[in-house]
Structure formats: C-alpha cells, structure tokens
**Q** 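Have a look at this one.
Protein chains get the first letters and strands the later ones, always in sequence-line order, with residue 1 at the start of each.
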Amino acid sequence: MKKGKGQLLFRNALLDWFGANQRDLPWRRTYDPYHIWVSEVMLQQTQMERGVEYFNRWMERFPDIRSLADASEQEVLKAWEGLGYYSRARNIRAAADVLLAEYGGVVPEDYAALLALPGIGPYTAAAVMSIAFNQPYPVIDANVERLFARIDNVARPMKEKAVYQNLEKILATMLRTAPPRDFNQALMELGALVCRPRNPLCGECPLGTQCRALAAGTVMQRPVLPPRKETIDIVMACAILKHNGKFFIQQRRSDDVWGGLWEFPGGRLKNGESAAQAAARELYEETELRAVNLDPFRTVTHHYTRYRVTLHAFFCNISKVPEPRLHAATAFRWVALDELDRYPFPSGHRQLIAHMKR
DNA sequence: TTCCAGGCGT
DNA sequence: ACGCCTGGAA
C-alpha cells in the first residue's frame, strides 16, 4: 500500500463503509470489556450466527465476572458445549478468578495485564484494548490478513515474519490518526462481509480501486495458504452401558482432548478386532466392568483436528452389581436418559444421545 | 462427501 | 510447529 495519501483514502473509505454497513451485534450495544472479551474468544472459532446465540445465552447465565468466577467449571463447559476448543472455556473461567483476586473483578485497561491472563494472547489483548477501551493497538486476525493480502497482492504467506511486521507497521501508522475502535472493527467486518475467503464481493468493496489483487486478477489466490495436512481416518467403538434404567458415563481428564467433558467409555479398534470386541475391551480396560448382551446401536462420524472419527456405539449390560474402577477418567455417574442433558459431551456422543431419545 | 476456518498453549 | 474442535459451505 502507498504511504500518505493512499493510506488516508483507504482509512476514510473503510470507515465510511463501516458506518453504513456494520451489523447490529449484541456486544456492540455497550462495548463492555467483559462482553468484548467473551465475544472475541467465542468468535475466534464460531460463525457469527451461532456465536450470537451462544453469546446471549452466556451473558444471561454469566452476566458479569463475579457470576462467572462463582460458577463451576462444569457449568461453564455446559454453556460452551458444541463450540469445541474447550480449553478456551476453562481459560475464561480461570481468568475470571484472576480478575477477581487481583483487579477487583474489573477488566484492566492494560495490554500487558490482559496478555498475562489465561487464554488471552496478542490478538485478544489488542481486540479488548482497541474495541472496549478505544486504545490504538493493531488487531491482526485472519480477516485482516486476508484483506491486506489482497489489497497489496502479497504472494507470500502472511505469517512470514517480514510480511507480518510490515502489516503491523502499516496498521500502527494508520492508528495514529484513525479511531481505534471503529477502524479495527471495520477491517474485520469488511473481511467477514465483503472480502470473504470464498466468493468475495469485489463489486461492492469500498477499497476496490486500491486493491492490487483485484487489478491483477489474483483475488482467489490471495492469501497464499500453507499446504493442507492429510486427513486421517480412525475407527472407534464405545459401550453405552445400561443398568437399572441408568446409563454409565465418565468424565475425561482435564489435560486430555475434550478435557472435563463426559463420555461413554470407548476407544480405537486394534488390528483385526471387531467393533463389538473393541467396545467390550475398552469398557473393561477403562472401568473393569464386563459387558454382556452387546447390541449394535448406531454409528456416527465426527472430526477433530485432522482426524475423521467413525464411532460405533453398542448398548450393553453388566451381570454383576457394578463397582467400576476408573483407569481413563476422573469420575463416573449413573444417569437416567432425561438427565444426560445436564452434562457436557463431545459432538459424537451428543449425536448418540440425540438418537437414544428418539 | 469433502473442505474449510482460526488464536492460543505447549 | 503442531494440536485443539465443530457445523456449515461448496
């Protein structure tokens, strides 16, 4: 991008567009720092429409930092259920404790203090500083990277050090005169609504005359993305154990995938093993309970990271009075079908529960 | 059915 | 550098 006059044109066109086109979102009603913080973390991973639903439910349940700090981790995970990346929910909860203990329950207007909180990195700290407090900190998220990759027709990955530092410099310069709250939001909003990853609306873009990728016909090749990693298929089986009308669930360790969430015992098939054999074996290895009457129920698929999981579920019983000994989990419960909703489950297990209730 | 997004912690 | 997670778009 050109310096001086070019940057001024850029900023004015961007701010005019934002003034006329910004969406009416719940956290834009007050710009309360707690609202901005939670919405930024939620929106990092969630499409806007779903994010608004989760945000509104969250604020109803945890209207302020104190109510969040008073809540159990289970309640917080339940409110986050379905969003994925559950460490983020645990981190928000942990940060609320720190804010209460060290900052009187208030979000500090201090970049370094924000950065030191669990789950807050450079992006979120800059977003809270600029959007909540209107301070001149550049925010660089994927929207901003994509927008500038196209404006400047950058042929290298945006994460490259020199490329990234150049972008930081441009934004810092513009923020010397632009209003931080509106400017940063405008960049991200334009990236989300117009300069979209697929099907960008270049005909409606207020920066079209300044876009080098548009002029060069390379919009769809920008930004340059790193090569995708291969998807790995894995097959798993789980045992839905029913005894005296209740179902056995166990809670995953907090340092593991889906930490703190609940599940039916299960695991990966070994070489040459059938799904039913794996379900019974995993149940025994994880709980020392012996399955009888294994009955195929449903097969569901879900994804995490670069794995595609096919999960075979089996109903089963046990013959003797149960006293499980846990080897893969931190707690267990016997729960009636109607009560399962109170516990947070990973996506695949929630699919199974939905089928059980039909 | 496949592909895709995306900041933080380790 | 890599793992975390999911639902919706293509």
**Q** Using a heavy-atom cut-off of under 4.0 Å over every strand shown, decide if A:Arg146 touches base, sugar-phosphate, or nothing.
**A** sugar-phosphate
**Q** Take the protein atom CD of A:Glu40 and the nucleotide atom P of B:dG7, then report the distance between them rounded to whole Å.
**A** 10 Å
**Q** Does a salt bridge link A:Arg93 with A:Glu75, judged by any charged N lying under 4.0 Å from a carboxylate O?
**A** no
**Q** Quick one: A:Glu53 CD to C:dT6 P, roughly how many Å, whole number?
**A**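 Interatomic distance, CD of A:Glu53 to P of C:dT6: 17 Å.
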**Q** Expressed in angstrom and rounded to an integer, what is the separation of A:Asp256 atom CG from B:dT10 atom P?
**A** 15 Å
**Q** Atom CG of A:Asn91 to atom P of B:dT10: distance rounded to whole Å?
**A**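 Going from CG in A:Asn91 over to P in B:dT10 covers 8 Å.
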**Q** Measure from the side-chain heavy atoms of A:Arg198 and tell me the nearest of B:dC8, C:dA10, C:dC4.
**A** C:dA10
**Q** Give a yes/no on whether any side-chain N or O of A:Thr305 is located under 4.0 angstrom from OP1 or OP2 of C:dG3.
**A** no
**Q** Look at all strands and tell whether A:Thr124 reaches a base, only sugar-phosphate, or nothing, counting heavy atoms closer than 4.0 Å.
**A**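 Touches sugar-phosphate only.
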**Q** Just to verify, which of A:Tyr343, A:Tyr304, A:Phe345 counts as forming a ring pair (Phe, Tyr, Trp, His ring centres under 6.0 Å) with A:Trp258?
**A**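 Exactly one candidate clears the test, A:Tyr304.
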**Q** Within this structure, what is the CZ-to-C1' distance between A:Arg196 and B:dC4, rounded to whole angstrom?
**A**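 Value for this atom pair: 15 Å.
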**Q** Assign A:Tyr123 to base, sugar-phosphate, or nothing according to its heavy-atom contacts below 4.0 angstrom with the strands shown.
**A**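 Sugar-phosphate only.
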**Q** What's the closest nucleotide to the A:Asp141 side chain, out of C:dC5, C:dG7, B:dG7?
**A** B:dG7
**Q** Looking at C:dT6, I'd like to know if its phosphate oxygens (OP1 or OP2) sit under 4.0 Å from a side-chain N or O belonging to A:Tyr86.
**A** yes
**Q** Taking A:Arg306 first and then A:Glu230, would you say they form a salt bridge - that is, a charged N and a carboxylate O separated by under 4.0 Å?
**A**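 Answer for the salt bridge query: no.
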**Q** Regarding A:Val41, tell me which of base, sugar-phosphate or nothing describes its non-hydrogen contacts under 4.0 Å with the strands shown.
**A** nothing
**Q** What is the separation between atom CD1 on A:Ile120 and atom C1' on B:dG7, rounded to the nearest whole Å?
**A**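 Rounded to the whole Å, the gap is 12 Å.
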**Q** Give the rounded distance in Å between these two atoms: CH2 of A:Trp80 and P of C:dC4.
**A**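 My rounded result for the distance is 18 Å.
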**Q** List the steps, then state whether side-chain contact (heavy atoms from CB on, under 4.5 Å) holds for A:Trp58 with A:Val76.
**A** CA-CA 9 Å; A:Trp58 181 281; A:Val76 172; 3.7 Å; yes
**Q** Considering heavy-atom distances to DNA chain B, does A:Ser87 or A:Gln45 have its closest nucleotide positioned more toward the 5' end?
**A**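 Nearer the 5' end of the strand: A:Gln45.
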**Q** Of all the choices, B:dC8, C:dC5, C:dC4, which nucleotide is nearest to the side chain of A:Gln44 once you look at every atom?
**A** B:dC8
**Q** Is it true that A:Asp24 and A:Arg29 make a salt bridge, defined as a side-chain N closer than 4.0 Å to a carboxylate O?
**A** yes
**Q** Any side-chain N or O of A:Arg308 under 4.0 Å from OP1/OP2 of B:dT2?
**A** yes
**Q** When you measure from the side chain of A:Ala142, which nucleotide among B:dG7, C:dA9, C:dC5 comes out closest?
**A** B:dG7
**Q** State whether the distance check finds a donor on one side and an acceptor on the other, under 3.5 Å, for side chain A:Arg50 versus base C:dG8.
**A** no
**Q** Salt bridge or not for A:Glu53 and A:Arg50, using N-O below 4.0 Å?
**A** no
**Q** Are A:Phe248 and A:Phe264 an aromatic pair, judged by ring center distance below 6.0 Å?
**A**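 Judged by ring-centre distance (under 6.0 Å), A:Phe264 and A:Phe248 do not meet the cut-off.
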**Q** Let me know, please, whether A:Arg350 or A:Tyr307 comes out on the 5' side of the other along DNA chain C by nearest nucleotide.
**A**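 By nearest-heavy-atom nucleotide position, the 5'-most residue is A:Tyr307.
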**Q** Using a cut-off of less than 4.0 Å, is there contact between a side-chain N or O of A:Trp258 and OP1 or OP2 of C:dT6?
**A**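 Indeed, a polar side-chain atom of A:Trp258 lies that close.
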**Q** For a quick check of understanding: with a heavy-atom distance under 4.0 Å over all strands, which category does A:Arg90 fall into, base, sugar-phosphate or nothing?
**A**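 No contact.
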**Q** Can you find a side chain N or O atom of A:Arg306 that sits less than 4.0 Å from OP1 or OP2 on C:dG3?
**A**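 For A:Arg306, the contact criterion (side-chain N or O under 4.0 Å from OP1 or OP2 of C:dG3) is met.
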**Q** Looking at A:Ser347, does any N or O in its side chain come under 4.0 Å of the phosphate oxygens OP1/OP2 on C:dG7?
**A**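 Yes, within the criterion.
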**Q** Side chain of A:Asn199: nearest nucleotide among C:dA10, B:dA5, C:dT6?
**A** C:dA10
**Q** Take the protein atom CD1 of A:Ile234 and the nucleotide atom P of C:dG3, then report the distance between them rounded to whole Å.
**A**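 Checked: the CD1 to P distance equals 13 Å.
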